[in-house]
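A quick write-up on the structure given underneath.
Quick note on labels: first sequence line is chain A, next is B, and so on, each numbered from 1.
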Amino acid sequence: MPELPEVENIVRELKQKTMGLTFRRISILHEEISKTPRQTMGKKIPQRKIISLSRRGKYIRFGLNEENTLWFHLGMTGQLVWRDETVKDPHLHVVMEFLEIPQKLVFRDIRKFGEMFLTNGNLESLPEGVRRLGPEPFEISEKTFIETFRQRSGRIKSLLLNQRILAGLGNIYADESLHRAGIDPRRRPNRLKSGRLKQLYQSIRETLEEAIKLGGSSIDDYIHSDGSRGFFQNFHRVYGRFGLECVVCKTAIRKIKLAGRSASFCPQCQT
DNA sequence: GAAGGCCTGGAA
DNA sequence: TTCCAGGCCTTC
């Protein structure tokens, strides 16, 4: 569930506490979660300093000295949280310890859709999923956005979920952006006027911006590192509002299946 | 470009 | 007991 706004919040929080820290040890409790072998991690991580922290799509990047980067993808239920003591926890996969502070940063993930890996400066060390990531919603120009979508014939909602086309949107923010833009999720962008794609471009940016400001959406497992919740779920217009009134026109929100995923929309406002 | 699979907990 | 949620990948 963590999508771009949630990941952005996580990165901002982690930045305050982890910049400049030096890894003492990394313990991998369940090897499946780490795409990089445990031994490599154990060899390359300790004694390295965290010199940068950033987000790319839904990925979190810890920039380490000597060109290594430690990546996390939280999948649906992944969390990077602080622990004073590691109590027994079947969903705990990675424990990171530092030289400067006693607290441990842990990676826990109930559904195990998340992953962790280490890359060096070489392009070849990047997994396919990262290498083929599309542009960031806040970096792509309006012109490029419109051109990209105008030549696509798939359902607009499915395309928005495709990380190779645009990085960072998941089901929540794809649905929310489409409602804000007044576009039916089943529409095919190559048959939309460019003015409507322009509207979508703006809507995506506005939706993400507001969500980031409000601390993301706390639906299932997402909470801030201090345990507090995001607020954007209170402002969802369609996601999770099946059967409820559209906040704009009071029509009942519909929910359909699109390419195996649920899509919620207002049949009146979104055409 | 659609459909199934991985994974788990919570709801029906 | 079965179904559903969805991150992303693989297969058709």
Strictly below 4.0 Å, N to O, side chains only: are A:Glu13 and A:Lys17 in salt-bridge contact? no

Please report whether the ring centroid of A:Phe72 lies less than 6.0 Å from that of A:Phe62. yes

Under 4.0 Å: is that the gap between some side-chain N or O of A:Lys257 and OP1 or OP2 of C:dC3? no

Ignoring hydrogens and angles, answer whether the base of C:dA5 and the side-chain atoms of A:Arg111 contain a donor-acceptor pair closer than 3.5 Å. yes

Among the nucleotides C:dG7, B:dT8, C:dA5, which one has an atom lying closest to any side-chain atom of A:His91? B:dT8

Could you tell me the separation between the CD1 atom of A:Ile219 and the P atom of C:dG7, rounded to a whole number of Å? 11 Å

Salt-bridge test for A:Arg55 and A:Glu136: reply yes if a basic N is under 4.0 Å from a carboxylate O, no otherwise. yes

So what does A:Gly129 touch, heavy atoms closer than 4.0 Å: a base, only the sugar-phosphate, or nothing? sugar-phosphate

A:Arg48 and A:Glu66 ion-paired at < 4.0 Å: yes

Is there a side-chain polar atom (N or O) of A:Lys112 under 4.0 Å from OP1 or OP2 of B:dT8? yes

Hey, is the side chain of A:Arg188 pairing donor to acceptor with the base of B:dG1 inside 3.5 Å? no

Of the nucleotides B:dG1, B:dC7, C:dG7, which has the atom closest to the A:Ser153 side chain? B:dG1

Within less than 4.0 Å of OP1 or OP2 of C:dC8, is there a side-chain N or O belonging to A:Gln163? yes

Tell me: CE of A:Met76 to C1' of B:dC7, nearest whole Å? 10 Å

So what does A:Glu128 touch, heavy atoms closer than 4.0 Å: a base, only the sugar-phosphate, or nothing? nothing

Run the salt-bridge test on A:Arg180 and A:Glu210 with the 4.0 Å N-O cut-off and return the result as yes or no. yes

Distance check needed: C:dC8 P versus A:Glu115 CD, whole Å only. 9 Å

Of the nucleotides B:dA2, C:dC8, C:dG6, which one has an atom closest to the side chain of A:Phe113? C:dG6

To the nearest Å, how far apart are A:Asp89 CG and B:dG9 P? 11 Å

Does C:dG6 have OP1 or OP2 under 4.0 Å away from a side-chain N or O of A:Ser262? yes

Assign each of A:Arg152 and A:Arg261 the nucleotide of DNA chain B bearing its closest heavy atom; nearer the 5' end lies the nucleotide of A:Arg152

Could you tell me how far apart A:Leu169 (CG) and C:dG7 (P) are, to the nearest whole angstrom? 10 Å

A:Glu3 atom CD is separated from C:dG6 atom P, nearest whole Å, by 9 Å

Atom pair distance, as rounded to whole Å: OH in A:Tyr239 and P in C:dC4: 15 Å

Rounded to the nearest Å, what distance is computed from the NE2 atom of residue A:His93 to the C1' atom of nucleotide B:dC6? 13 Å

